[in-house]
Structures are given as C-alpha cells and as structure tokens.
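The structure under discussion appears below in the form of structure tokens.
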Amino acid sequence: MTPTFKIILKSSKTKARAGVIKTPHGDIETPAFIPVGTNGTVKSVSPRDLKEMGAQVVLANTYHLHLRPGEDLIKEFGGLSKFMSWGDPTMTDSGGFQVFSLGVGLEHGVGKLLREEEGEAKPRLNKITKEGVTFQSHIDGSKQYLSPEVSIEIQEKIGADLIVAFDDLESPKYNHEETKKSLELTEDWLIRSIKAHKRKDQLLYGVTHGGSFKDLRIKSAKFNDKHFNAIALGGAHKNKQDMAKIVEWTIANISENKPRHMLGIGEVDDIFELIERGIDTFDCVIPTRIGRTGFFFASPPFGNIKNRFRMDIAKSKFAKDKGPLADDCLCYTCQNFTRAYLYHLFRSRELLAYSLISTHNVHFLVNLTKQIREAIIKDKFQSLKKKWLKKSKFDSALLNVS
RNA sequence: UCCCCUGUAGCUCAAUGGUAGAGCGGUUCGCUGUUAACGAAAAGGUUCGAGGUUCGAGUCCUCGCGGGGGAG
C-alpha cells in the first residue's frame, strides 16, 4: 500500500490539526512525537518500552545504518522494522543532516540552531560537490559516498515507511547568497531523489530550506509543494522566534492535505508553538540525549518555560528525594523508581540510569503530543498550551523529602 | 630500641633546587533530522610542623609528628 495522510479534525482558532498517517506497518495518529533511533535503536530504550509508552514510529538514520551494519543486511532480515524487532512504522532520515553535522557544522563549530557560544571549529569530515558528498567515515575513517540516488537506494533497502529526500543543510551563519546557493543544490538533489525513488509503499518527504530568509523559505516551500506529497521542514535557523516565523512562511505556501514533519525539533515549547502553526510530526534526539546527560523532563508547575521543562537528576538536592521524576507521570520509570535511586544510579554511572531516564523522557514527549492531539479533537488546544507555557511561580522542583 | 621508605587539592598521584600540576570526585553551565553513557567552565593548596643551608626549598640538612615496612 501507498502511505496516506488524512486530517481528522482541525483546530478552530489555530492551524493545529489532528490526523492519521496510514502506512504498511500501521497507523500514526498525529500530532506525534517520533523518537530518534539513529542506529536502529532508540538509545537505551527497548522496543517493548516504546510500545508500552505509546510511541508509534521510530526514526533511524541512513548514513549510520549504511556504515553499519549495511542496508543489504537489513534488507536480508526483512527490513528495519523487523530487524529491530519493532514491527510498527519506521522512518529514515536521508543522511542529509550528516552532510551538515560532519561538514560545515564541524567547520563552523555550530548546530543548525545558532547558540550563544559557538563550539570549537574542527576540520570537516566530508566534501560536497554538485554530484554528491564524499564522507570520511566517523567510525573507521574509510571513504564513503552519498548522493540523492545512493541515499534513496539505501533507504529503499532499509525499507522504512516514511523516508526523506537527500538535502544539503545550510549553516545558520550563511548569508543570503550562501544560503541561496545551498538551497539550489538541495532543490537539484530533491528532484534527483524523486527520480531515484521506486518503492510506492514508502512515503517520500521533501525537505524545505532557506535558512532564516523569508524569500528563500517561501521559494523552497512552493518548490516542495509542487513536487512532494509529504513535506519535512528542515534547514537552519537562528533562534526559536526565527523558527516559528519560518514555519509560518512555509505552512502558508504548502497544501493543507500533506503531512508536515518538523525535522529535529522537539523541546516542549517548540512542540506547542509549531503544532499551533500546523506541524504534524516531530523527531528529536532531545529526550534520549539529555536523558543520558542526566536531565529529565518535568511537567507544570515544576517544569516551566524558565527551566525549559528539564531538571538535572545529578543535583545533590535529589539524593534523598522519595518522589518519582514527575508526580503525574505514568511511565515505567515514574511508576517504579524514586529520584533518590535514579540519582544514585546516575552518579554511579550505572547503565540502568540512562535507560530509565531516557524511557521517562521519551514517554514524556510521546505523551505530550498525544495529549495535544486529544485537546485538538476537543478543540481545547489553546487552553492546554496556556496551561503549559504560562510563567510559573515555581522555578525549581518541589522536593519529596520526608 | 634501631634501620629503611613515606607525607603535595576531597581521593590517587606528578613536579633537574627556578611561576605547584594532572586524573578522578565535588560545583556550575550546556546539549533540538546523535561523530554524543557527552562536552565546557570555574573552584579547590600555609606542599605535615618547627628550624636551617641557598639569590631561590615541595625538592637539600636537623629535630619533631603521622603512616608503611624491616630488624631485634
């Protein structure tokens, strides 16, 4: 079957909508948060736990799986979903992000979102030509090659339900001219991706670019809408305000009936702000990455805009805390473990710490988007958003010490 | 009782007689299509004590004190 997207209900006062993406491996109810499992695993979270928390789809990475274990092996095992014993829908990113993160990202010492402090500039691990990208493998240094044709061929063998066209990601430090040049390369690669794509049981997402420049963003949106049935919003931006505007410019120039995926975004406020502007799905490494570095998500009133809904389990104030990570959380971690125990595990660098905290964090975002979906259906999106994003009197966690 | 070794950051240890450092820990900060069980910063010292030699002592000498080992 060819994957389809259907809007179930639209919010009356915003661009938010509830929908469903039907795929050969099952349905995805949107809005949805898609956990990232780069190497065919959501780091330290088992598929069993993912199912239990209600995750519907996992996003893996073409570049990483190509390097190891190789797409042919995955195909031999029946495709990614089966190989990783997940069974449900999967998505693959094209490797386009690695064109950036192993290229100009290293060179500029930046991420796709400009930060206050730039990182150290390092030599790039790849080289871009109009034809494609030559990589030096970050695993063994071997020479690798990725192009629209190669990326699509790999993604067809990996066999995810949702796949992404190969793109060139601009640096957030690029000026208009440099961004325009990158966008032109992306557009060429998008067309080549479409031509290379043969499997009709996979939904191919285009990717919009154009940095923070309105004219380029609109141009890219129109281009993608003309050529694709599903649209991913990609590229770089300077800050959250920028990102919100970019989404507005883009959404205003693409068809309503196409699913819109926000690539690599997923902080709590972003999810509210962008669903409000018409985004359907998100993928983001945030819950697992910050989980492994000791941060757990907290809901209001303890989690708020100011602390970005995250707290550090490694703080000594949690050493004797008898409460769960989050009081109202139904995840396996919160139902069974205290902050004091997780504090101990994390300080001891015990592997279970990473797993339990990541499980909580992924559950948190999956559940948040699910709540938002229900609110949209009841036409109560705005009140839910207000409840979460209002400024709270609580700046730090209330402790559960007794 | 004698002999040998030893004493430097919270811990384990560096430092030709020439500006006292590292790792770990603790503290703080960061992480948005994963090069990431990661990265960054700041803090932390009467070098066991008292004398002495020297332009200059963590380092050499003397005497204490603490720790380890050996002999009797």
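Keep in mind the model is a prediction, meaning the values are calculated, not measured. So you know, we letter chains A, B, ... as the sequences are listed, proteins then strands, and number each from 1.
- Where Ile286(A) and Tyr354(A) each meet RNA chain B at their nearest nucleotide, the meeting point lying more 5' is that of Ile286(A).
- For Thr38(A), the side-chain atoms get nearest to rU34(B) when compared with the rest of rG33(B), rU34(B), rU35(B).
- For Thr293(A) against rC38(B), no side-chain N or O and base N or O form a donor-acceptor pair under 3.5 Å.
- No hydrogens or angles were tested; on distance alone, a donor-acceptor pair under 3.5 Å links the side chain of Arg289(A) to the base of rA36(B).
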Inset, instruction - List the steps and the verdict of side-chain hydrogen bond (donor to acceptor under 3.5 Å, both in side chains) for Thr92(A) and Gln155(A). - result: CA-CA 7 Å; Thr92(A) 42; Gln155(A) 293 191 75; 2.8 Å; yes
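- Looking at Lys240(A), its side chain comes within 3.5 Å of the base of rU32(B) through a donor and an acceptor atom.
- Regarding contacts with the backbone of rG33(B), every side-chain N or O of Asn61(A) stays at 4.0 angstrom or more from both OP1 and OP2.
- With salt bridges taken as basic N to acidic carboxylate O contacts below 4.0 Å, none links Arg199(A) and Glu156(A).
- Between Phe297(A) and Trp388(A), the distance separating the two ring centers is not shorter than 6.0 angstrom.
- Contact check, Arg308(A) against rU32(B): no side-chain N or O comes under 4.0 Å of OP1 or OP2.
- Remark: Lys315(A) is in phosphate contact with rC29(B), judged by side-chain N or O atoms under 4.0 Å from OP1 or OP2.
- Distance from the side chain of Lys43(A) is smallest to rA37(B) among rG33(B), rA37(B), rU35(B).
- Dashed line: the shortest gap from a side-chain N or O of Arg347(A) to OP1 or OP2 of rU27(B) is under 4.0 Å.
- Contact check, Arg115(A) against rU32(B): a side-chain N or O comes under 4.0 Å of OP1 or OP2.
- For the OP1/OP2 pair of rU35(B) and a distance below 4.0 Å, the side-chain nitrogens and oxygens of Ser101(A) include at least one atom meeting the criterion.
- Ser44(A) places a side-chain N or O within donor-acceptor distance of the main-chain N or O of Tyr354(A), the cut-off being under 3.5 Å.
- A salt bridge does not link Lys380(A) to Glu374(A): none of the charged nitrogens lies less than 4.0 Å from a carboxylate oxygen.
- Phosphate proximity of rG33(B) to Gln98(A): absent, as no side-chain N or O sits under 4.0 Å from OP1 or OP2.
- Annotation: of the two residues near RNA chain B, Ser316(A) and Met243(A), the 5′-most nearest-nucleotide partner is Ser316(A).
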